[in-house]
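Chain A is the first sequence line, chain B the second, and so forth, proteins listed ahead of strands; every chain is numbered from 1.
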Amino acid sequence: MSALKQNLELEVKKALKSLYSLDASILEIQQTRKDFEGDLTLVVFPFLRASRKGPEQTAQQIGEYLHENVAQISGFNVVKGFLNLVISNEVWLQNLQNITEHTNYGLKPVGSDTIMVEYSSPNTNKPLHLGHVRNVLLGYSVANILEAAGNKVVKTQIINDRGIHICKSMLAWQKWGNGETPQSTGLKGDKLVGNYYVRFDKEYKLEIEQLLSQGLPEEKAKNEAPILVEAREMLQKWEQGDADVLALWNKMNGWVYDGFEATYEKIGVDFNEIYYESNTYLLGKKVVEEGLAKGVFEKDEDGSVWIDLTDEGLDRKILLRSDGTSVYMTQDIGTAIQRSEDYHINGMIYTVGNEQDYHFKVLFIILKKLGFDWAERLFHLSYGMVDLPSGKMKSREGTVVDADDLMQQQIDTAKEISEELGKTEGMTEMEKEELYEMVGLGALKYFILKVDPKKRILFNPAESIDFQGNTGPFIQYTHARIKSLLRRADLDNLAWNGFEVASYTELQAEERELTKLLAQYPEVIQLAASEYSPAQIANYVYDLVKGYNAFYQKWPIFIEENKDTILFRLQLSAQVAKVIQSGMSLLGIKVPERM
RNA sequence: GGUCCCGUAGCUCAGCUGGAUAGAGCAUCUGCCUUCUAAGCAGACGGUCCUAGGUUCGAAUCCUAGCGGGAUCACCA
């Protein structure tokens, strides 16, 4: 398709040169809108000055020239200043033929650029929730898309494993845990640790109340509650390398990682490399010292280190506290550099919520100022909040939608609907379970990925996600239906697989439309990659499926008399199924053989 | 207050590197299963593209101002 377009652009340029001696540098050839006849449209308004004719005449003239000189163009028509070109069926069919010969159609071979994609990046004191789900799905899908577009991709996360929040869970477990473990309770490790985080907060609030009733001012009560003081002491011990504290820290973090791993596996995402803040913050501090020496940063009298970005319309930002300890920014600087040393990256994508827009703006400027060449290709994949009808999610207040619960709920819904529709007859228990999971998670993933990441999502846990219309299950269903056709074809010994579509002559309008849609897939991947947008893929696959269903309903296959027609339609269907499967896998969504 | 993001049908969203009569899904209504899976198809209904200016042959799309919603501006992460 893009080759076709490129070739056409060349021909149009030739036409303009020969007709009006015009050297057009840029010209726009776009898809013809549905309501008009044709495949590609040239807008001729920009050439009127050179042609010294009206728009219709100009379009007519160019059209005649192209029709005569370009074999691929089988016709044209003119509507106002729009020249609609009809591409010959042979071109589309040849293209379809090429598609049948490529198993990885649309995907580029891996090139030399290495891009690192970061997503998830949780704290280790509580389980993953709905917000993480959006994050993980986006990041994982963008990683897939970048890979499909020809990049070497390293998927990673940064685990925020140090800080007071972990000490809170540790302390609460020490005090009230009675030696509980995931094994002894049957709880997932992240859930167990999360419970103690909540417990800490509860006790903390009680202590504050008590202090307030003793007449302490609020500020002081919040700051001097014994349990908080104790947590701070624990953090200090941690930083000093106290063996007992480190052992507890390792144990509880281990539980959490096991829990996360289970959730990631369920959701269907993975990582190639994991970074821990406890390992990178020291490097950050070192680099800040170096930057200070280079004059990129400045030191205040109290010893704190800053970068002044007021020239860029931003603020002053702190990089080291007066006591020399690191802040969030310091750690991110260290992590970025560590990554560039471990892998020779050409760029990096950070999947982080839009409340961090400012942070990453500053981080990128700092890395550029420090002179790293890869700093030119940093991108903050920023996404909007997932809000509940009740408002914002807050872990400490328990108003979160837990990731595991959410997935299970979707799977249960899928089960209900499947059973209601009677779709699972003849399936084994294992096949059923697999199907429910595919469909339930497919609905969830598609629901989240089809919208622009920048937009906020309002999620109502009480209403289940749709399974009809523009949804994951709708697409999965179409795939299953095609597979069903192909199974029947195999039973009937119809050798569609080797059928040469290029020589087919009976192309119907719906079939022609489908070949055009299939031809667009490689371009769509490139666009999705350049925009870091899974939504582009989702919307494309949806259009393809809509187009297929229109064809499916209008043109029955097996009752056709002409065997070539049967084989052609089967081959076309198989290619559609292939692209559906491919596109959905870029979104991290599996498609079933039957449903 | 400064900065950033969002505002398109009753609801959820496409379209936004300027192009033709602004498109889908859900909801509502009408048809289509004794022919390949009806989680489907065909059709109807539904719009001041937040508002006002500007640029242009042409603006939902670009620019300016305003309105509404959200985020952010910590020696928290």
Looking at [N], I'd like to know if its phosphate oxygens (OP1 or OP2) sit under 4.0 Å from a side-chain N or O belonging to [X].
| X | N | answer |
| --- | --- | --- |
| A:Arg488 | B:U37 | no |
| A:Lys483 | B:U37 | no |
| A:Asn539 | B:A14 | no |
| A:Lys455 | B:U8 | no |
| A:Arg321 | B:A77 | yes |
| A:Gln536 | B:G15 | yes |
| A:Lys546 | B:A24 | no |
| A:Arg33 | B:G23 | yes |
| A:Ser484 | B:U37 | yes |

Answer with base, sugar-phosphate or nothing: what part of the nucleic acid does [X] contact at a heavy-atom distance below 4.0 Å?
| X | answer |
| --- | --- |
| A:Arg456 | sugar-phosphate |
| A:Asn84 | base |
| A:Gln476 | nothing |
| A:Lys554 | nothing |
| A:Val327 | sugar-phosphate |
| A:Asp452 | sugar-phosphate |
| A:Phe474 | sugar-phosphate |

Self-check item: Any donor-acceptor N/O pair under 3.5 Å between B:A39 base and A:Thr478 side chain
Solution: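 Counting by modelled atom types and ignoring angles, no donor-acceptor contact under 3.5 Å is found here.
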Self-check item: N/O donor-acceptor pair, side chain A:Lys361 with base B:U3, under 3.5 angstrom
Solution: no
Practice problem: Could you say whether A:Ile318 or A:Tyr477 is positioned toward the 5' end of RNA chain B, judged by the nucleotide with the nearest heavy atom to each? | Solution: A:Tyr477
Quiz item: Quick one: on RNA chain B, does A:Tyr328 or A:Arg594 contact a more 5' nucleotide (nearest heavy atom)?
Solution: A:Arg594
Practice problem: Quick one: look up who B:A44 pairs with, Watson-Crick or G-U, both distances under 3.5 Å, and put none if it's unpaired. | Solution: B:U28
Quiz prompt | Who pairs with B:G1 - Watson-Crick or G-U, where each distance is under 3.5 Å | solution =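 Matched B:G1 with B:C73 under the 3.5 Å cut-off.
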Before accepting this row, confirm whether a basic side-chain N of the pair [X]/[Y] lies closer than 4.0 Å to the acidic partner's carboxylate O.
| X | Y | answer |
| --- | --- | --- |
| A:Lys5 | A:Glu9 | no |
| A:Glu56 | A:Lys80 | no |
| A:Glu298 | A:Arg316 | yes |
| A:Lys126 | A:Asp190 | no |

Quiz item: Do you know which two heavy atoms are closest between A:Ile589 and A:Gln476, and how far apart they sit?
Solution: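 Residues A:Ile589 and A:Gln476, closest heavy atoms: CG2-NE2, 3.7 Å.
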Quiz item: So which heavy atom on A:Gly384 is nearest to which on A:Asn354, and how close?
Solution: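 Heavy atoms of A:Gly384 and A:Asn354 come nearest at CA-ND2, 3.5 Å.
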Quiz item: What interatomic distance, in whole Å, is found between C1' of B:A44 and the corresponding atom of B:G7?
Solution: 29 Å
